[in-house]
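Remarks on the structure that follows.
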Protein chains: 2
Amino acid sequence: MTDLLERLRERGWRLTAQRRIIAEVLSGDHVHYTADEVHAHAVERLPEISRATVYNTLGELVSIGEVLEVSTDGRAKRYDPNAHRPHQHLICSRCGTIRDVQPRGNPLADLPDDERFGFAVSQVEVTYRGLCPSCRG
Amino acid sequence: MTDLLERLRERGWRLTAQRRIIAEVLSGDHVHYTADEVHAHAVERLPEISRATVYNTLGELVSIGEVLEVSTDGRAKRYDPNAHRPHQHLICSRCGTIRDVQPRGNPLADLPDDERFGFAVSQVEVTYRGLCPSCRG
DNA sequence: TATTGACTTGGACATTGTCCATTGTAGGAT
DNA sequence: ATCCTACAATGGACAATGTCCAAGTCAATA
């Protein structure tokens with residue numbers, strides 16, 4: 001995730017301790033924390049970091065496309081740092097666990113023109129749901 | 001939507017004025033109200049109906065499969081009465097308008113076994129995004 | 001029409017997110 | 001090395017959405 005920090009510096013971001021910590025918390029695959037979870041982890045390393053800063057920074061990371069926002073359940077939004085590899089999500093209907101997955105094919109091509117109602121369709125999200133191995137028992 | 005009331009009666013639901021009004025508000029195609037929007041419309045016909053009743057009733061309708069819950073933006077959930085025709089959603093990235101659409105193909109089949117991580121995958125939601133005709137100007 | 005258990009109500013509370021005035025500081029300038 | 005200043009962080013108030021519960025009400029049955 002040092003490359004993320006590098007990209008942020010190139011964009012003219014000031015590299016504060018708070019932003020470094022948030023980038024660290026987000027690093028890794030299959031990380032899908034809520035804003036408050038990011039805050040909770042960040043507080044372990046920087047006790048005085050505020051909720052507002054976490055919300056602001058996540059919002060900025062989303063707006064520049066470094067992080068994806070995932071609304072899986074109408075509760076808190078989750079933040080997915082894996083924005084540079086196209087992927088979709090597989091979610092356990094019981095415990096809420098999220099995995100990144102890569103389906104075949106191109107769902108955009110599956111929406112016929114006469115089902116587009118004049119929209120300029122540019123993006124598609126696919127969310128698979130089912131029971132994870134632990135919850136199938 | 002009288003058939004909805006009929007089905008509810010068969011399930012042993014008490015048909016109260018509140019439930020009748022909520023069913024009426026939900027009737028029609030391409031209806032995707034939030035809970036508070038349903039409440040606002042219901043109040044026009046039954047001024048004393050409470051928010052709690054609307055939330056309770058919508059939750060029950062979802063749990064018996066008569067209405068779908070759609071989390072499009074991490075804000076309020078929306079309720080889609082068109083639960084008996086399989087469909088997906090097309091959403092305007094600017095104004096939030098929602099259309100029901102029917103893509104070709106079967107997205108479930110596009111998730112290979114080695115991308116299922118042991119999940120029992122049972123459901124898939126596809127959300128298309130883009131600019132609607134009014135917002136393209 | 002009397003009864004009763006399911007339904008509704010209203011308000012308190014919880015969670016998630018936003019806003020803003022104040023304070024702090026990273027990074028360039030001296 | 002120190003100073004400046006625009007940008008960033010803080011914390012607390014507020015807003016939006018949703019949940020819960022004790023008390024009152026009523027639809028459906030006998």
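All chains are named by letter (A, B, ...) in the order of the sequence lines, taking the proteins before the strands, and each is independently numbered beginning at 1.
Mapping B:Glu60 and B:Gly74 onto DNA chain C by nearest heavy atom places B:Glu60 closer to the 5' end of the strand.
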Each nucleotide of nucleotides 9-15 of chain C classed B (base within 4.0 Å of a protein heavy atom), S (only sugar-phosphate) or -, in 5' to 3' order, makes BB----S

Nucleotide by nucleotide, nucleotides 22-30 of chain D touches protein heavy atoms under 4.0 Å in the pattern (B base, S sugar-phosphate only, - none) ----BBS--

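At the phosphate of C:dT18, neither OP1 nor OP2 sits under 4.0 Å from any side-chain N or O atom of A:Tyr55.
Partners of B:His32 according to the ring pair (Phe, Tyr, Trp, His ring centres under 6.0 Å) rule, which considers only residues two or more places apart in sequence or in another chain, are B:His89. Residues satisfying the side-chain contact (heavy atoms from CB on, under 4.5 Å) test with B:Ser50, not counting sequence neighbours, are B:Ala52, B:Thr53. Applying the side-chain contact (heavy atoms from CB on, under 4.5 Å) rule to B:Arg19 yields the partners B:Trp13, B:Arg14, B:Thr16, B:Thr57, B:Glu60; only residues at least two apart in sequence or on another chain are considered. Looking at residues two or more places apart in sequence or on another chain, you find a salt bridge (charged side-chain N to carboxylate O under 4.0 Å, His left out) between B:Arg51 and B:Asp36. Residues that satisfy the ring pair (Phe, Tyr, Trp, His ring centres under 6.0 Å) test with A:Tyr33, not counting sequence neighbours, are A:His41. Evaluation of the salt bridge (charged side-chain N to carboxylate O under 4.0 Å, His left out) rule for B:Arg9 yields B:Glu6 as partners, not counting sequence neighbours.
The CG atom of A:Asp73 sits 13 Å away from the C1' atom of D:dT17 (whole-angstrom rounding). A:Arg11 places its CZ atom 17 Å from the C1' atom of D:dC7, with the value rounded to the nearest Å. Across the protein-nucleic acid pair, A:Leu58 atom CG and C:dT16 atom P stand 14 Å apart, rounded to whole Å. Rounded to whole Å, the distance from CZ on A:Arg19 to C1' on D:dT10 is 14 Å. Between the NE2 atom of B:His39 and the P atom of D:dA16 there is a distance of 16 Å, rounded to whole Å.
Under the 4.5 Å side-chain criterion, counting only non-hydrogen atoms from C-beta, A:His39 is in contact with A:Ile49. Proximity of A:Val38 to A:Leu26: side-chain heavy atoms (C-beta onward) are separated by under 4.5 Å at one or more points.
For residues 102-120 of chain A, no residue pair satisfies the side-chain hydrogen bond (donor to acceptor under 3.5 Å, both in side chains) rule, not counting sequence neighbours. A salt bridge (charged side-chain N to carboxylate O under 4.0 Å, His left out) check over residues 61-84 of chain B, counting only residues at least two apart or in different chains, returns the pairs B:Arg7-B:Glu66, B:Glu37-B:Arg78, B:Glu69-B:Lys77.
If you check D:dA9, D:dG18, C:dG17 against the side chain of A:Lys77, the one that comes closest is C:dG17.
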Side-chain donor/acceptor pairs under 3.5 Å, residues 127-137 of chain A, sequence neighbours excluded:
unit_1   : atom_1 : unit_2   : atom_2 : d
A:Tyr128 : OH     : B:Pro107 : O      : 3.1
A:Arg129 : NE     : B:Glu125 : OE2    : 2.7
A:Arg129 : NH2    : A:Thr72  : O      : 2.9
A:Arg136 : NH1    : B:Gly118 : O      : 2.7

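Helix bend of the helix from C:dT1-D:dA30 to C:dT30-D:dA1: the angle between its two end axes, each built from five pairs, comes to 20° after rounding to 10°.
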